[in-house]
Enquirer: 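First the structure, which I've put down as structure tokens, then a few questions once you've had a look.
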Amino acid sequence: MGCGRKDDKASLASSQIASFSHQPHQPPSTPASKEVWKKGGRMFSILLAVHLALLACTLVSSGAFEKIAVHDYDVFFLLTVMMLIVIIWIIFYLFGTSRCPDAILCKDSHAGPIWLRGGLILFAIFSLVMDVFKIGYYSSFYSCLSAIKIIYPIVQAIFVVVQTYFLWISAKDCVHVHLNVTRCGLMLTLTTNLAVWMSAVTDESVHKAHSKLKKNVTEEIFRWLMKAGMRSSSAEECNCNSQICQIFKNGYFWLYPFNIEYSLFASAMVYVMWKNVGRFIDHHSHHIHRLKFRLFRRTFFVGIVLGLIILVSGLGVLILYEVQVNSSTESSKKSQALTMYYIFNIVCLGLMSLVCIGGSVIYRFDKRDMDRHKNPTRTLDVALLMGAALGQYAISYYSIVAIVASTPRDAISALNLTYALLMIAQHTFQNIFIIEGLHRQPPKEDHKHDSHQKDLYGLTFVNINAVSLRVPDSGSTLAPSTASGAEAIHPSDFVRSLTAPKKMNWRRKFLREISMFLLLSNIILWIMPAFGARPQFDNDTELNFYGDSMWPAIVDICLPFGIFYRMHAVASLLEVYIMS
């Protein structure tokens, strides 16, 4: 294929680059026909992604049931082929496309921030550990399993390593060669991550359902349900009796939440890269703000301390909940665990809602301008926040309807109703606060008064009246200095230079405290459902109202979006903290 421009930028090789270099404030104009084909190239890659996603979704959902003649190794085979194709394309991009002359004329400074890439690496490490556990688990009874079940985690580990390296070094690229191949490759990568995510969510849901069935029914009925319903034939034929096998099995199921978040983080970064293919950035309007992450500077530590208290308390509640609900068969223990869980979440969600309202009020007094420049990363962040929140909204509204329509009502039902209402309010107020923060310009230093401040702060005492006598108000005396390039100095400027920092900093400090408290609170609200604390399955109100088939299906579909919302909110709040 070479490095020639064989797609929608073929006729713009020299003229656009020249105009781009000589006139950076005006991005090169593209002819109408080229712009039409640019949209056509995007549409082709979107259609490719939609068809692959539908195929993967069909296989993954069909493979979850034994009655359908689609087995889990069919799903693993499809995912393995998709990951191998993506690995080949990434290698071609790194050693072919990105090394072509004029391949990357500019970079998007907003794409792939360091905290997002750092989170991606953290989740990638846990995903690799999960793959090691999977390999160990399936190797324990290799003789009675299909070879694809061992090949799949090996290929997935390679895929995670290659993709993480690719996103670390290329997340900011705006590619201008091999445009259609790059668009299709990025869409294939995005679809593969979503397919892996769907497979992981399905496996986790099936595992949770099996665990609940084992706890609530006899062994004979459980075996009958497994034959009639969800996939389990390999578990019946290949018994995992050894202790090391059980460790591998439980280990990789506990690590599924990290792999799920890795797939979603990677999908978001790949989508931004896809939006930046063929994009020219106006560097005069596309400000590059080099912000420093200062965790323990210019803060009162109130947000960090309160957030850590919530985090530690939540971990204690999670441990007690798991012990009392999953290990005990007494209904009183289960009621105590649900009461403790709801009270903690009500307190946490209530504080978070109040803090978000306070932060939105502070933004009303913020003098910073709104950032209205084109920013695909911010657009995606807002869309993901609003879209992922729909999952928790759905669960909360279903719970509200079930609680209000059911009788009799007890204390747990009242706590559940309060919990559902606060969950809706907290998501709404937090989205408003985060979106406001993402659309604010970063703080700018007032360079006009920097030299004046240094002189004034160097003095032990400053007599403002004396200064005002030496600097007349009329412009006649200041004319020579002004004509020679110096700025006219007014006494009020000195007063503002002394008082402005104090007026500016209190808002920034409060916004930082609020962002850090919300960040830590969202972490524990992500950990609790991701690692087993799911009262939706343990509270009988919704189960009795909607039935044993409808309610688990609603939770299984909506809860992964709610879990993803929390982790994405953590990344967005970290950005708001740094921008404050």
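All values reported here derive from a predicted model rather than from experimental measurement. If you read the sequence from its start, that first residue is 1, and numbering goes on from there.
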Enquirer: Report the C-alpha separation of N416 and E542 in whole Å, then their side-chain angles, then the decisive distance to 0.1 Å, and conclude whether the side chain to side chain contact (heavy atoms under 4.5 Å, CB included) test is met.
Expert: CA-CA 10 Å; N416 192 6; E542 291 92 338; 2.8 Å; yes
Enquirer: Does the S199 side chain pair with the main chain of A195, one donor and one acceptor, at a distance under 3.5 Å?
Expert: no
Enquirer: Going by the side-chain hydrogen bond (donor to acceptor under 3.5 Å, both in side chains) test, name the single residue among Q426, R566, H568 that passes it with N522.
Expert: R566
Enquirer: For the residue pair Y546 and W551, does the interplanar ring angle fall in the parallel (under 30°), tilted (30 to 60°) or perpendicular (over 60°) class?
Expert: parallel
Enquirer: Between the main-chain N or O of K275 and the side-chain N or O of R42, is there a donor-acceptor pair closer than 3.5 Å?
Expert: yes
Enquirer: Can you give me the closest heavy-atom contact between I403 and S413, atom names plus distance?
Expert: CG2-O, 3.7 Å
Enquirer: Taking all non-hydrogen atoms of both residues into account, name the closest pair between T164 and V160 and its distance.
Expert: OG1-O, 2.6 Å
Enquirer: Can you tell me how far CD1 of I150 sits from CD1 of I135, rounded to the nearest 0.5 angstrom?
Expert: 8.5 Å
Enquirer: Find out whether L188 and W89 are in side-chain contact, i.e. whether some heavy atom of one side chain is under 4.5 Å from a heavy atom of the other.
Expert: no
Enquirer: Quick one: sort the Y252 and Y137 rings into parallel, tilted or perpendicular, breaks at 30° and 60°.
Expert: tilted
Enquirer: Is there a side-chain contact between I514 and I362, using heavy atoms and a 4.5 Å cut-off?
Expert: yes
Enquirer: Please determine whether side chain to side chain contact (heavy atoms under 4.5 Å, CB included) holds for the pair M550 and Y398, giving the CA-CA distance in whole Å, both sets of side-chain angles, and the decisive distance to 0.1 Å.
Expert: CA-CA 11 Å; M550 180 179 175; Y398 274 108; 4.2 Å; yes
Enquirer: Does any part of the side chain of N431, heavy atoms only, come nearer than 4.5 Å to the side chain of V382, both counted from C-beta?
Expert: no
Enquirer: Using side-chain heavy atoms (C-beta onward) and a distance below 4.5 Å, is V317 in contact with N345?
Expert: no
Enquirer: State the CE-CD distance between M567 and E261, to the nearest 0.5 angstrom.
Expert: 5.5 Å
Enquirer: Please report the interatomic distance OG(S61) to CG(L59), rounded to the nearest 0.5 Å.
Expert: 8.0 Å
Enquirer: Would one find more than 12 heavy atoms of other residues, nucleotides or ligands at under 6.0 Å from atom CZ of F77?
Expert: no
Enquirer: With rounding to the nearest 0.5 Å, note down the distance linking CG in L116 to CG in D381.
Expert: 8.0 Å
Enquirer: If we only count heavy atoms from C-beta on, is the Y565 to Q392 side-chain gap below 4.5 Å?
Expert: no
Enquirer: Mind checking the CG-CZ spacing from L264 to F123? Nearest 0.5 Å is all I need.
Expert: 9.5 Å
Enquirer: Taking the six-membered ring where the residue is Trp, are the ring centres of F561 and W197 under 6.0 Å apart?
Expert: yes
Enquirer: How many angstroms lie between CD in E575 and OG1 in T377, if you round to the nearest 0.5 Å?
Expert: 8.0 Å
Enquirer: Report the C-alpha separation of N193 and F159 in whole Å, then their side-chain angles, then the decisive distance to 0.1 Å, and conclude whether the side chain to side chain contact (heavy atoms under 4.5 Å, CB included) test is met.
Expert: CA-CA 10 Å; N193 280 287; F159 171 75; 3.9 Å; yes
Enquirer: Quick one: does N259's side chain have a donor or acceptor within less than 3.5 Å of a partner on L255's backbone?
Expert: no
Enquirer: Would you say F531 has more than 12 foreign heavy atoms packed within less than 6.0 Å of its CZ?
Expert: yes
Enquirer: If you compare all heavy atoms of E513 against all heavy atoms of G303, which two are closest, and at what distance to 0.1 Å?
Expert: OE1-N, 2.6 Å
Enquirer: Looking at S45, is its backbone amide N or carbonyl O close enough to the side chain of R183 to form a donor-acceptor pair, meaning the two atoms are under 3.5 Å apart?
Expert: no
Enquirer: Testing the basics here: between I310 and F517, what is the closest heavy-atom pair and its distance to 0.1 Å?
Expert: CG1-CE1, 4.0 Å
Enquirer: Can you check whether I524 reaches L315 side chain to side chain, under 4.5 Å on heavy atoms?
Expert: yes
Enquirer: Does any part of the side chain of L511, heavy atoms only, come nearer than 4.5 Å to the side chain of Y577, both counted from C-beta?
Expert: no
Enquirer: Before you tell me yes or no, could you show the steps for Y152 and M83 under side chain to side chain contact (heavy atoms under 4.5 Å, CB included), namely the whole-Å CA-CA distance, both residues' side-chain angles and the distance that decides it to 0.1 Å?
Expert: CA-CA 9 Å; Y152 171 72; M83 287 189 290; 3.5 Å; yes
Enquirer: Please tell me whether Y363 and F433 form a close aromatic pair, meaning their ring centres lie under 6.0 Å apart.
Expert: yes
Enquirer: Looking only at side chains, do Y393 and T428 share a donor and an acceptor under 3.5 Å apart?
Expert: yes
Enquirer: Do L318 and Y341 come close enough that some side-chain heavy atom pair is under 4.5 Å?
Expert: no
Enquirer: What heavy-atom pair brings M273 and A171 nearest, and what distance separates the two atoms?
Expert: CG-O, 3.6 Å
Enquirer: Tell me, yes or no, whether the heavy-atom count around F253 atom CZ, taken from other residues, nucleotides or ligands under 6.0 Å, exceeds 12.
Expert: yes
Enquirer: Taking the six-membered ring for Trp, are F258 and F126 ring centroids under 6.0 Å apart?
Expert: yes
Enquirer: Identify the two heavy atoms, one from M528 and one from G314, that lie closest to each other, and give their separation to 0.1 Å.
Expert: CE-O, 4.1 Å
